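So the structure is just underneath, and the comments pick up after that.
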Amino acid sequence: MDSQGNLSSLLGDSEDYYNGWSIIEAFEESSTKGCIHKITDQLDLLPANDYLSTFARWLYTGPQYKNEPDKSTALKDLLEPVINNYDFVIIDTPPSLAEPMVNAITASDFVIVLSESSKWAYDAIPRFIATIDIAKEMVNPDIAVLGILRTLTDVRRTDNKAFLEIIEEDYPELIFKTVIKRKAATGRISFEGLFENRGLRSAIDQYKKFYKEVLQRVHQG
């Protein structure tokens, strides 16, 4: 649900690989048929590209939802026919509380809050959690915050270290123990790709610990 489509581009052959077969076409046709792409035997992708930037206009002018008072269930409705085909559906979201983010929240069972160790990211945490609470009250009573992941942390910076501690003090029950640190190998993924990348193990090693925490909380929740 991120119109930048960075992840989709990383998994595809080129930036325009999914043109005509992305999530916005799925919305327009009210069906994911032809728009879900098999990446590996264990991973399918419903991709996005910059055409998804027209999502809000489609919600308010398209025939499916323009007369619907609640515009927040379009993604949930789209995924409903295929949701049981998967063990997990992970929704990538843009960094703003606009229609794509609200639709993602409404369609979800759990939300992971990402926060850099900086003041601006720290200030956004309560606003984002408040948005989830509103969605829980008005649309999706089953949604829950799975936790807060502190990410893109530079442990050499004193301000980063300070905000790591502040977030932990303010949200002791929500934070994941794993802290994602900035690593050169992770930054190189955008150039070297996810497949046949000799540095991939070094890049994703710290995410394996986070993955185990996520699984544990999902099963408990």
Side-chain angles (χ1 to χ4, degrees), residues 1-8 23-24 26-27 46-48 50-62 64-80 83 86 88-153 163-180 210-211 213-215 217-218 220-221:
M1 290 298 286
D2 186 352
S3 62
Q4 292 185 81
N6 292 337
L7 179 59
S8 298
I23 192 168
I24 194 64
F27 279 122
L46 180 51
D50 55 6
Y51 190 25
L52 184 60
S53 63
T54 65
F55 178 62
R57 185 178 67 186
W58 173 82
L59 275 178
Y60 289 94
T61 64
Q64 296 96 325
Y65 285 91
K66 68 177 181 180
N67 295 321
E68 291 288 335
D70 186 1
K71 312 291 186 186
S72 69
T73 64
L75 180 59
K76 183 176 183 179
D77 296 340
L78 179 68
L79 296 178
E80 190 67 33
I83 199 77
Y86 298 94
F88 297 98
V89 175
I90 302 171
I91 305 174
D92 186 28
T93 58
S96 63
L97 292 174
E99 287 85 355
M101 174 70 82
V102 173
N103 264 261
I105 291 172
T106 302
S108 298
D109 298 312
F110 301 103
V111 175
I112 296 172
V113 181
L114 303 181
S115 178
E116 295 184 40
S117 297
S118 69
K119 176 173 172 50
W120 307 122
Y122 168 74
D123 289 345
I125 293 175
R127 295 198 299 271
F128 185 51
I129 292 177
T131 301
I132 297 169
D133 289 339
I134 292 171
K136 184 180 182 72
E137 180 180 346
M138 299 183 64
V139 185
N140 183 0
D142 298 324
I143 194 172
V145 176
L146 196 63
I148 298 172
L149 176 65
R150 294 164 292 174
T151 187
L152 296 178
T153 300
F163 276 106
L164 281 179
E165 297 173 0
I166 291 171
I167 295 170
E168 182 173 3
E169 290 172 1
D170 287 355
Y171 304 96
E173 302 300 320
L174 285 179
I175 61 159
F176 290 100
K177 293 179 181 179
T178 305
V179 175
I180 303 299
F210 171 57
Y211 168 72
E213 283 194 80
V214 168
L215 278 187
R217 294 193 185 192
V218 166
Q220 289 174 344

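What you see is a predicted model, and the numbers here were worked out from it, not measured in a lab.
- Residues Phe210 and Ile112 form a side-chain contact, since some pair of their non-hydrogen atoms from C-beta on lies under 4.5 Å apart.
- In plain terms, the two heavy atoms of Leu78 and Ala26 that are nearest each other are CD1-O, 3.5 Å.
- When all heavy atoms are compared, the tightest approach of Leu146 to Phe176 is O-CZ, 3.9 Å.
- Taking CG from Leu59 and OG1 from Thr54, the interatomic distance works out to 9.5 Å, rounded to the nearest 0.5 Å.
- At least one side-chain heavy atom of Leu75 sits less than 4.5 Å from a side-chain heavy atom of Phe27.
- Residues forming a side-chain hydrogen bond (donor to acceptor under 3.5 Å, both in side chains) with Thr73 (at least two apart in sequence, or on another chain): Asp77.
- Remark: Ile125 CD1 to Leu114 CG distance equals 10.0 Å, nearest 0.5 Å.
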Please tabulate, for the side chains in residues 88-101, all donor-acceptor contacts under 3.5 angstrom to protein atoms that are two or more places apart in sequence or on a different chain.
none

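- The shortest non-hydrogen separation linking Leu52 to Ala48 is CD2-CB, 3.9 Å.
- Pairs of residues two or more places apart, or lying in two chains, never qualify as salt bridge (charged side-chain N to carboxylate O under 4.0 Å, His left out) while including a residue from residues 129-146.
- Residues forming a ring pair (Phe, Tyr, Trp, His ring centres under 6.0 Å) with Phe128 (at least two apart in sequence, or on another chain): none.
- For Glu68, the salt bridge (charged side-chain N to carboxylate O under 4.0 Å, His left out) criterion is met by no residue, not counting sequence neighbours.
- With sequence neighbours left out, the side-chain hydrogen bond (donor to acceptor under 3.5 Å, both in side chains) criterion links Ser3 to no other residue.
- At distances below 3.5 Å, not a single donor-acceptor pair connects side-chain atoms of Lys66 with backbone N or O atoms of Trp58.
- Screening residues 120-131 for salt bridge (charged side-chain N to carboxylate O under 4.0 Å, His left out) gives Lys119-Asp123 as the qualifying pairs, with residues at least two apart or on separate chains.
- Here the CG-CZ distance, from Leu164 to Arg150, works out to 5.5 Å after rounding to the nearest 0.5 Å.
- Residues that satisfy the side-chain hydrogen bond (donor to acceptor under 3.5 Å, both in side chains) test with Thr178, not counting sequence neighbours, are Glu213.
- With sequence neighbours excluded, the residues forming a salt bridge (charged side-chain N to carboxylate O under 4.0 Å, His left out) with Glu116 are Arg182, listed by chain and number.
- Residues Ser108 and Asn140 come closest through the heavy atom pair O-ND2, 2.7 Å.
- When all heavy atoms of Ser72 and Val102 are compared, the closest pair comes out as CB-CG1, 3.8 Å.
- The aromatic rings of Phe163 and Tyr122 sit tilted relative to each other, their planes meeting at an angle between 30° and 60°.
- Annotation: ring pair (Phe, Tyr, Trp, His ring centres under 6.0 Å) contacts of Tyr171 (sequence neighbours excluded): none.
- With sequence neighbours excluded, no residue satisfies side-chain hydrogen bond (donor to acceptor under 3.5 Å, both in side chains) with Ser115.
- Taken to the nearest 0.5 Å, the CD1 atom of Ile175 stands 8.5 Å off from the CD1 atom of Ile167.
- Sorted by first and then second residue, the salt bridge (charged side-chain N to carboxylate O under 4.0 Å, His left out) pairs involving residues 105-114 (not counting sequence neighbours) form an empty list.
- The neighbour count for Tyr86 OH, taken as heavy atoms of other residues, nucleotides or ligands under 6.0 Å away, is above 12.
- Separation of atoms OG1 (Thr106) and CD1 (Ile132) is listed at 10.5 Å; rounding is to 0.5 Å.
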query = So Val113 and Leu174, side-chain contact (heavy atoms from CB on, under 4.5 Å) or not? Walk me through it.
reply = CA-CA 9 Å; Val113 181; Leu174 285 179; over 6 Å; no

